[in-house]
Protein chains: 4
Amino acid sequence: MPENSVSKPRTKPPEERRDELMAAAERLFLEKGVEQTTIEEITTGAGVAKGTFYLHFSSKADVLQALRARFVQAVLDGIVAAVGGCREEDWRGKLAAWSTACATGYLDAAGLHHFAFVAAPPATREGLSRNILIDHLSELIADGAGENAWSADDPGFTAVFLFNALHGVVNQPGIAETTSARAELLRAIEAHFLRVLGLRSGID
Amino acid sequence: MPENSVSKPRTKPPEERRDELMAAAERLFLEKGVEQTTIEEITTGAGVAKGTFYLHFSSKADVLQALRARFVQAVLDGIVAAVGGCREEDWRGKLAAWSTACATGYLDAAGLHHFAFVAAPPATREGLSRNILIDHLSELIADGAGENAWSADDPGFTAVFLFNALHGVVNQPGIAETTSARAELLRAIEAHFLRVLGLRSGID
Amino acid sequence: MPENSVSKPRTKPPEERRDELMAAAERLFLEKGVEQTTIEEITTGAGVAKGTFYLHFSSKADVLQALRARFVQAVLDGIVAAVGGCREEDWRGKLAAWSTACATGYLDAAGLHHFAFVAAPPATREGLSRNILIDHLSELIADGAGENAWSADDPGFTAVFLFNALHGVVNQPGIAETTSARAELLRAIEAHFLRVLGLRSGID
Amino acid sequence: MPENSVSKPRTKPPEERRDELMAAAERLFLEKGVEQTTIEEITTGAGVAKGTFYLHFSSKADVLQALRARFVQAVLDGIVAAVGGCREEDWRGKLAAWSTACATGYLDAAGLHHFAFVAAPPATREGLSRNILIDHLSELIADGAGENAWSADDPGFTAVFLFNALHGVVNQPGIAETTSARAELLRAIEAHFLRVLGLRSGID
DNA sequence: AATGAATGAGTATTCATTCAT
DNA sequence: AATGAATGAATACTCATTCAT
């Protein structure tokens, strides 16, 4: 009974199904956040039944990590290519290439990086780019620039840049567990802050 | 029969109860994450009944935001005091004071800042301080330092610093919506990267 | 220390407090339904503290039943007065007066009857088949039958029949919003009452 | 080893599950009231897990309305069949058939009508003044009036009047418990219906 | 009489995961 | 490989009622 022998087969190569599920998950995670997305929405989005999800992933965290790995690898590939295009001895060029390629990879992912590394608490989506600490720092930078203590084209940008940098280094697990490690950390932060503003660090 | 003349009154001033609830919530959020903490655990931790929670907060998000506000304000107070201790014209000192006071505030809070701005997905706790992109950048910085292209006391630190800085500026909502804004963003990131390594940016 | 000797006394005569609570409850029950109204809303509406409610009523069902009793009594009073105004032998007039007075009482209560009889399941399961209004009507029908004013095999049945009919037509949302619609409604009810007792309506 | 070739499949056709859930809900609503019945009790009663309820209904109000719709439709079907059995010009017979069929439908439902119309506040506020049974009765009255079988100034009003009257008398606890009481009740309802339309009841 | 902080039992609803087909 | 009905643990939130002051 070859009634529908050419009907589209319900079964697809695993690779393809997996990709479709990841695509659906990525879109939903971006749209409404990881926490707010249900497995059922992912399978509906991918056009398969609920149970099919578990044929390819073991949990929501599993897709998330697959997405993460894919994203990071893609950015890294871009960086490697860009940096590789520089002359061997052009270190400044390499550094510039690194920053640009990394930022480009992020921007192209349009928000994917947000949940790639961090969870997205809607209420705090702006927490690291807009808060009273950043405002305060921004003002300080602008004031100093006004007094020619340093130059700063865009104090707001530099403030976000520095605040996140600080937040990141301070947030490393296990950092500053001893008094001396802490002192060293603070010294390093300070030196980097000064450098960003074009000042030599005190020790040099 | 003054058996219990100082017997603990079941009812306390609202202020005090609220603080106890916040303290219990903070401890639990730190210990097991915001998501993993139950309202009931908070009230049990504060030694009150479940319903009492709702006499002071409307939801878990509500306590979280109260905690956040308190933390940020405390850090800001420390910064203001530190910066205020500098001579009016000592801009370098002010900047150094800012970085140190802010970092100190964070470190003293012992992890509180983590959920203050970001949600804490256990699996990704290290996402922003340890990943292949940071490793790659760290290596690049170390290599360049080895070739005297720049100096870097601690390439790993600088890599985390720069990676988070980049992540932060790139993650600003609405940034880089136009082509020119994007170009400008990339240029600014590059310039800041170069400065951190002690290089003049190309334009200067 | 007569600091505020003329300040309004917190305590009022029980009667008055009770009335205020009933008034608040009635308003809220009408506005948002019995089920949807909380004790706290009632006390807030009456301008007293939560605990005060329990000084006057034992539960929400208790106020409801007090409201019910008051409403039914008021309607009955109106009926008795109206019927009493008829000549002793004017049975048709008495029946017409009964229907009009009862309907008027209902309409004036503007929806109160809805929850007075309907919206309280267990306690009122018998509300529409056994109450003092039905008893009164039943008696009137029996008396009239005894005087051969009309025939009624089962006055109790007919009373329940008529009472429910009246309740139903009067309870139609939006009915009797204008004066003329109201007059027309009363006329129609009266005519139907007379017909049920086998009397020609006045107009015919 | 055909030990259980007819083993009960855990999964059943949706239709069947839905019916089982409705049956359990109906029984419980009747036994202890809508308000007092828990979703969990319904699922336990239907022999399924709690979550299964939400596969078929969105809330308790949802089952209630499904029950209501089913009940009303069943009564209407009975009425249509009964009325359809009358000769075209036998208006008195049609009206009598209507009252008897409707009352019978109600009595057979043994209390279901109570919560079908009464015990469900918001959505059913109009239940007793606007439903398909009333519409059907209204049409019958209008048609009969058009044929001069009786006079009716406002068929819609009379329909609401009669429907509520019938609903009330039928809803009396303990009524029609014996076959003869039931016959007597039906006879009385019919007689009152005829009287309202100005017809002499058959017996007289 | 009045207060209002505290209580905690009671329940609806969600959703990841399983498994028989 | 795929399905989707069924599961049931997990939890936030409400609100009537109490009681120490």
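This structure is a prediction, so every number in the text was calculated from the model and none was measured.
Looking at K32(C), Q36(C), R27(C) one by one, the single match for side-chain hydrogen bond (donor to acceptor under 3.5 Å, both in side chains) with E41(C) turns out to be K32(C).
Contact detail for K60(B) and E35(B): the closest heavy-atom pair is NZ-O, 3.6 Å. In terms of heavy atoms, F53(C) sits closest to L21(C) at CA-CD1, 4.3 Å. Of all heavy-atom pairs between T43(D) and E40(D), the closest is OG1-O, 2.9 Å. A24(B) approaches A46(B) most closely through the heavy-atom pair CB-N, 3.9 Å.
We find that R17(A) and E20(A) are joined by a salt bridge, their nearest charged nitrogen and carboxylate oxygen being less than 4.0 Å apart.
Computed from coordinates, the E16(A) CD to dA1(F) P distance equals 13 Å when rounded to whole Å. Atom P of nucleotide dT7(E) and atom CD of E40(C) are separated by 16 Å, given to the nearest angstrom. Spacing between atom CD of E20(B) and atom P of dA6(E) amounts to 9 Å, rounded to whole angstrom units. Going from atom CZ of R18(B) over to atom P of dG4(E) covers 19 Å, rounded to whole Å. When rounded to the nearest whole Å, the span between NZ of K12(B) and C1' of dT7(E) equals 16 Å. If you measure from atom CG of L28(C) to atom P of dC15(F), you get 13 Å, rounded to the nearest angstrom. One atom, CD1 of I42(A), and another, C1' of dT17(E), lie 14 Å apart when rounded to the nearest Å. Counting to the nearest Å, the P atom of dT14(E) and the CD atom of E35(A) are 16 Å from each other.
For G47(B) and T38(A), each mapped to the nucleotide of DNA chain E holding its nearest heavy atom, the one lying further toward the 5' end belongs to G47(B). Taking for each of G51(D) and V48(C) the nucleotide of DNA chain E with the nearest heavy atom, the 5'-most of the two is the partner of V48(C). With the nearest nucleotide of DNA chain F identified for both P13(D) and Q36(C), P13(D) has the one nearer the 5' end.
Taking the side chain as every heavy atom from C-beta outward, Q73(D) and R70(D) never approach each other to under 4.5 Å. Here the side chains of Y54(A) and I39(A) are in contact, with some heavy-atom distance below 4.5 Å.
Below the 3.5 angstrom threshold, one finds no donor paired with an acceptor across the side chain of K50(B) and the base of dT7(E).
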A correct dot-bracket answer for DNA chain F, with pairs being Watson-Crick or G-U at under 3.5 Å, [ ] for crossing pairs and | for inter-strand pairs, is .||||||||||||||||||||

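Contacts between residues 52-62 of chain C and DNA chain F, counted as heavy-atom distances below 4.0 Å, involve Y54(C), S58(C), S59(C), K60(C).
Remark: E16(D) CD is packed, more than 12 non-hydrogen atoms of other residues, nucleotides or ligands lying under 6.0 Å away.
When the nucleotides dT3(F), dG4(E), dA1(E) are ranked by their closest atom to the side chain of A49(C), dG4(E) comes out on top.
Between R17(B) and dA5(E) there is no side-chain polar atom (N or O) within less than 4.0 angstrom of OP1 or OP2.
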